[in-house]
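Note: hydrogens, waters and symmetry copies are ignored here, and every other heavy atom, side chains too, is used. We count ligands from 1, going down the list as the structure has it; atoms in each ligand are counted the same way. Small disclaimer: the values here were computed from a predicted structure and weren't measured.
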Amino acid sequence: MSDVGARSTTGTETVRGPAEEEEVIIGLEVHCQLDTRTKLFCGCSTDYRDDGPNTHVCPICLGLPGTLPRVNRTAVEYAIRVAKALNCEILEESEFSRKNYFYPDLNKGYQITQYDKPLAVGGWLEIESDEGGEKLVRITRVHMEEDPGRLVHKGGTDRPKYTLVDYNRAGIPLIEMVTEPDLRSPKEARRFLNKLRATLEYLGVFDSEKEGSLRVDANVSIQPKGYFSIHGKGMKERGRVEIKNISSYKGAEKALTFEITRQKSMIRRGQKLGTETRHFVEARGVTTASRSKEMEQDYRYFPEPDLRPMQIRSWCDRIVLPELPDARRARFMAQYGCSLNHARTLTGELRLAEFYERVAPVDAALAATWVADTLLGELNYRDMSVATVSPDLFIALLTMLRDRVITDKSGVEVLRNLLDQLKDTGCCETPDECVKRLNLTKAGGAGLSGVIEEVISEHPRAVADFAEGKKEAFNFLIGQVMRKTRGRVDPVELNRALRERLEGV
Ligand code: ADP
Ligand code: MG
Ligand code: ZN
């Protein structure tokens, strides 16, 4: 349908031959809350999520007249760590500016941010590309700013009756990172965000599990293939859409996927795409035209007169970064013999990497499979975090698997039981208790030979067939033992034991 549409279009779009394919262009603006103890310009606690509205405020973050901001040293240090980890050039001098606008989430009438002298420019982050290899996504700039307050609209989402405002969030330190338009698909955007999250967490400056700690504006357009790289930024044939305020990693991928479909169908119908701002409605998975156009205005930026410019180059040189995801991935391959895929998965999240290192001493290869494949799959299925699983518990399970006390199949059953208990009640049995309760101990040793004897006496015909050299008879007997033990025997062990028994007959 779409192909026919494209060729019969008589509107503003020209008919394209196969050589002129289209290309999706994506650039992201990511805001992350820095995980400091206090706010960016005052001493208010940042631990506001469990407390009532407007309980973490003071004259400074409420913007009362006569107060003066003072920069949180830790927040700047965290921002420098981020800029360095993103391979940016840290400017000799950076400065805070006022961005003036009138909106109730901003009690001062302006936001303190950075404008023409940001903290850092010109970096990159490496991600896995759609083609499978690695690719560099260029980082345009990294700057610091304060989070505005939070507005809660009441009485209908489309036309709220009234709006409540909570300034607990006002003044929380944010870091904004802008990418060049280097991403080519929603999946790549998702991978970029995951890598960015991992990097910030390894730096110890960000906690992705805190609600609302990450917000993304996603810019997307569709251009003739190659057009963008030839003509460069700004010379776009078609307008681009900025999707505002996406608040999750999955949300970014979903919003972009929806928006690309929408833009492609407009292009096919010969409609012209203008540059516009849209909002992502997470519940419906769609983007909607937003009225914020009317609000767009001249922000009248000017240098913040209450804060001196920062000269932080020499400080930067003294900051030493911890091991980052790529380095850890390489180490996991070298030290534990992980495959590239396992190492990538295991280092993709700080908590998971730390979990793996705790349990790896049992058996590095066994642990890699059980953490990266089995555990992660079961956690995702239940929408649980690895933080809820104690490494000691997993060590006990792995030890039973390594010592062949239980089969792999039983191991999965135990794990599922324990995770279900954890999810429901927050605690669970030990793997040992679970194995006993479910009667999963492998029928080995004395137990196994007992079952073999039973099977042999029940099937004299098959035993005789085996003696005459019929291979199928052996498999039949194996099957009978398996049935009696409900699969709780180690196949290798059973094979050996049965053969020894029969050949001794
Ligand atoms: P603005 O000043 O309007 O925010 P910028 O040039 O700073 O515009 O770009 C903002 C974001 O939009 C950046 O992440 C950039 O990579 C991205 N971007 C720029 N041009 C395009 C385009 N044609 N398609 C998709 N994204 C784009
Ligand atoms: Mg912008
Ligand atoms: Zn305050």
Side-chain angles (χ1 to χ4, degrees), residues 22-31 36-48 51 54-64 67-72 75 99 107-108 112-116 118 121-125 137-143 146-149 166-173 176-186 188-189 192-193 196 216-244 246 252 255-256 259-260 263 273-278 292-293 296-299 301:
E22 284 164 346
E23 189 169 38
V24 170
I25 306 285
I26 297 169
L28 302 176
E29 296 163 85
V30 189
H31 290 90
T36 53
R37 242 174 3 87
T38 56
K39 292 187 180 180
L40 184 51
F41 299 118
C42 64
C44 289
S45 158
T46 55
D47 193 10
Y48 63 88
D51 297 325
N54 299 304
T55 51
H56 291 243
V57 293
C58 74
I60 294 174
C61 58
L62 283 176
L64 300 188
T67 57
L68 285 174
R70 202 163 158 265
V71 181
N72 179 338
K99 177 179 181 178
N107 34 321
K108 296 198 287 285
I112 304 180
T113 178
Q114 295 193 298
Y115 185 53
D116 46 3
V121 297
W124 48 266
L125 183 68
V137 177
R138 290 168 299 156
I139 309 289
T140 317
R141 59 188 263 142
V142 172
H143 78 241
E146 57 178 342
D147 211 346
D166 178 6
Y167 290 123
N168 281 351
R169 205 181 68 182
I172 301 282
E176 175 171 344
M177 293 149 286
V178 182
T179 77
E180 292 290 316
D182 287 347
L183 297 158
R184 292 291 173 269
S185 73
E188 266 190 13
F192 174 84
L193 290 172
L196 184 66
V216 181
D217 296 341
N219 298 267
V220 55
S221 69
I222 294 166
Q223 311 291 355
K225 201 172 176 80
Y227 186 93
F228 207 81
S229 47
I230 299 160
H231 294 262
K233 187 174 157 184
M235 295 191 52
K236 50 229 163 216
E237 185 193 67
R238 297 204 188 92
R240 89 171 117 106
V241 167
E242 178 169 4
I243 314 166
K244 283 274 188 204
I246 304 163
L256 284 165
E259 184 55 29
I260 289 163
Q263 289 187 16
L273 277 164
T275 291
E276 62 169 327
T277 303
R278 297 177 71 86
S292 75
K293 276 236 117 142
E296 260 166 43
Q297 53 188 270
D298 179 7
Y299 290 123
Y301 282 101

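- For the pair Lys99 and Tyr301, the cation does not sit on the ring face, since its NZ or CZ is not both under 6.0 Å from the ring centre and inside 45° of the axis.
- A salt bridge links Arg238 to Glu22: one of the charged nitrogens lies within less than 4.0 Å of a carboxylate oxygen.
- Short contacts between ligand 1 and Glu180, defined as distances under 4.0 Å to a heavy atom of the residue, involve ligand atoms 16 (O).
- Short contacts between ligand 1 and Ser221, defined as distances under 4.0 Å to a heavy atom of the residue, involve ligand atoms 22 (C), 23 (N), 24 (N), 25 (C).
- The two residues Tyr167 and Leu62 come nearest to each other via the heavy atoms CD1-CD2, 3.7 Å.
- Within the 4.0 Å heavy-atom criterion, the part of Glu29 lying near ligand 1 is the side chain and not the backbone.
- Annotation: side chain of Leu256 is in contact with side chain of Ile243 (closest heavy-atom distance under 4.5 Å).
- Of all the heavy atoms of Asp182, none lies under 4.0 Å from any atom of ligand 1, so neither backbone nor side chain is involved.
- Within the 4.5 Å cutoff, side-chain heavy atoms of Leu183 are placed close to those of Phe192.
- In this structure, of Glu242, Glu23, Arg240, the residue bringing a heavy atom nearest to atom 8 (O) of ligand 1 is Arg240.
- In the model, Thr277 has no side-chain atom that pairs as donor or acceptor with a side-chain atom of Glu242 under 3.5 Å.
- Distances from atom 15 (C) of ligand 1 to the heavy atoms of Val178, Ile26, Thr179, Val220 put Thr179 nearest.
- A salt bridge links Lys108 with Glu146; the closest basic N to acidic carboxylate O contact falls under 4.0 Å.
- Each protein N, O or S atom less than 2.8 Å from the Zn ion (ligand 3) was counted, giving 4.
- Taking the six-membered ring for Trp and thresholds of 30 and 60 degrees, His56 and Tyr48 have ring planes more than 60 degrees apart, a perpendicular arrangement.
- Near Leu28, meaning under 4.0 Å from one of its heavy atoms, ligand 1 places the atoms 14 (O).
- If you run side chain to side chain contact (heavy atoms under 4.5 Å, CB included) between Ile26 and each of Asp182, Val220, Val137, only Val220 comes through.
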